[in-house]
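So the structure is just underneath, and the comments pick up after that.
Bear in mind the structure is a predicted one, so any value in this text is a computation, not a measurement.
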Amino acid sequence: MKERTKLFLIGAVFLAAYYVPWSHPLIRQSGLEAFMMLQEYAREHVLTCLIPAFFIAGAIAVFVSQAAVLKYFGAQANKILSYSVASVSGTILAVCSCTVLPLFAGIYTRGAGIGPATAFLYSGPAINVLAISLTAKILGWQLGLARAIGAVFFAVITGLLMAVIFRKDDAARTTGKIYVPEAEGKQRTLLQDTLYIMTMVLILVFAAFAKPAPDATGLWPAIFTAKWYITIALLIALGLMLKAWFSGDERKSWVESTWGFVKQISPLLAGGVLVAGFLLGRPGHPALIPEQWIGGLVGGNSVSANLIAALAGALMYFATLTEVPILQGLLGAGMGKGPALALLLAGPALSLPNMLVIGSVMGVKKTATFCVIIVAMSTIAGIIYGSLFG
């Protein structure tokens, strides 16, 4: 961090402490909501979502060869393969816009092209199967189907646009670098490395498996009932793999890489959650900007209503699946169906904490472009959907 940046932050904290009327009931309530949201995130998402994601990112950074990442996700990789994998990756990861960040940072810092990396960044929280099925069940199959189609389409288009806009930067990232093959002394096979990382992905999937609706029947409730037994079995399998297949130095490098991602991402994530909680609060708990204001601005199917819905979704933090009850309440308050889809497409993939962390990984310019693309496409999709089904 530059010295002038430090001075700016110190000055901002001083001015807030000096001028903000903290004794005002609304400000006090907003401050309480900020820390309540931080506590909610710590209790419900850090242990089961974020920590497994950090360890996966650390493993990618240490054990996945840069040559392999470039082969499948690099700027010169086969476009059909890389974008197909990236755009549907979220179907197995029930993660929110913040939990996906360590995974994105892991593949991007290993040399993945900006296109496939941002396609993965969008699809991770936007297209998990449980969220889409819950959307279809509670908000209607039309909205659920539109969300599924829009999420895959958005992931591909966003990635392609980012790759075109920043093609020179992508080329510069690899210019002059030599990617050597893996060391001959490596003891593990490709299958062993795949099983190791896949086991951690499954730990993330089952540990973060969301609670189904009370009246739900079938596969999802059965998996939820057994999720901790499955997670413990996977943890035991992971421990055996680490002992049998990895040396002490390799395990140490994995932990150090994981800790590096924790230091980079956690402070910005916590700060972003606090700001989002202060401004918008948790669902059903008013903060500085009341939910009624948002609901009153997004009725009908005008361009402004869809744009406001997309912007509100981009700034608000949605934990996995929480966007569905929020939309249910907003639709009941008069929100149009088009703006509802716009918020659904922009909300899970973006949030204020998410933007801050992405900026630290790939820079402010790329982050701003990514956000503008998502908001613009969400607005257009909302207008089209509202004109057809509104």
Side-chain angles (χ1 to χ4, degrees), residues 1-46 50 96-98 101 262-298 304-305 307-319 322-323 326 329-330 333 335 339 343 346-347 349-372 374-375:
M1 186 182 295
K2 297 180 180 179
E3 295 301 316
R4 61 184 180 185
T5 305
K6 295 178 182 178
L7 177 61
F8 173 79
L9 291 175
I10 293 172
V13 171
F14 169 77
L15 291 174
Y18 194 92
Y19 287 108
V20 173
W22 298 105
S23 60
H24 191 283
L26 179 60
I27 301 298
R28 294 176 68 178
Q29 174 66 20
S30 301
L32 176 63
E33 279 304 306
F35 285 96
M36 290 296 291
M37 178 176 278
L38 184 63
Q39 183 185 63
E40 182 179 285
Y41 190 85
R43 288 180 173 178
E44 297 183 10
H45 303 287
V46 170
L50 203 56
C96 64
S97 61
C98 293
L101 294 173
V262 171
K263 289 189 294 183
Q264 178 187 14
I265 292 174
S266 294
L268 291 172
L269 184 57
V273 170
L274 285 171
V275 173
F278 183 81
L279 294 176
L280 300 163
R282 297 167 296 151
H285 297 80
L288 193 63
I289 303 176
E291 289 182 359
Q292 297 91 318
W293 289 13
I294 298 175
L297 292 171
V298 291
S304 61
L307 178 59
I308 291 171
L311 286 171
L315 293 174
M316 290 178 69
Y317 164 69
F318 291 98
T322 60
E323 70 275 9
I326 291 173
L330 290 174
M335 185 180 199
L343 192 148
L350 288 176
S351 67
L352 187 57
N354 162 286
M355 295 177 193
L356 293 174
V357 177
I358 296 173
S360 72
V361 175
M362 63 180 186
V364 175
K365 184 178 179 181
K366 293 184 179 70
T367 302
T369 305
F370 175 73
C371 296
V372 169
I374 296 300
V375 169

Inter-residue atom distance [X].[atom1] - [Y].[atom2], 0.5 Å rounding:
X: Leu352; Y: Leu279; atom1: CG; atom2: CG; value: 7.5 Å
X: Arg43; Y: Leu38; atom1: CZ; atom2: CG; value: 11.0 Å
X: Ile358; Y: Lys366; atom1: CD1; atom2: NZ; value: 13.0 Å
X: Leu15; Y: Ile10; atom1: CG; atom2: CD1; value: 12.0 Å

N/O donor to acceptor pairs below 3.5 angstrom from side-chain atoms of residues 18-27, sequence neighbours left out:
| residue | atom | partner | partner atom | Å |
| --- | --- | --- | --- | --- |
| Trp22 | NE1 | Ala16 | O | 3.3 |
| His24 | ND1 | Leu26 | N | 3.0 |

Considering all heavy atoms, the nearest [X]-[Y] contact:
X: Val262; Y: Pro267; answer: O-CD, 3.8 Å
X: Thr367; Y: Met355; answer: CG2-O, 3.6 Å
X: Gly277; Y: Ala287; answer: O-CB, 3.6 Å
X: Ser360; Y: Val357; answer: OG-O, 2.6 Å

[X] side chain near [Y] side chain, heavy-atom distance below 4.5 Å:
X: Glu33; Y: Gln29; answer: yes
X: Leu307; Y: Leu311; answer: yes
X: Pro339; Y: Ile308; answer: no

- Query: Of all residues at least two apart in sequence or in a different chain, which pass the side chain to side chain donor-acceptor pair (under 3.5 Å) check with Ser304?
  - Reply: Ser302
- Go through the structure and list residues passing side chain to side chain contact (heavy atoms under 4.5 Å, CB included) with Thr369, not counting sequence neighbours. Met162, Ile165, Phe166, Ile373
- If you look only at pairs with a residue in residues 17-28, which of them pass as a salt bridge (charged side-chain N to carboxylate O under 4.0 Å, His left out), with sequence neighbours excluded?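 Sorted pair list comes back empty.
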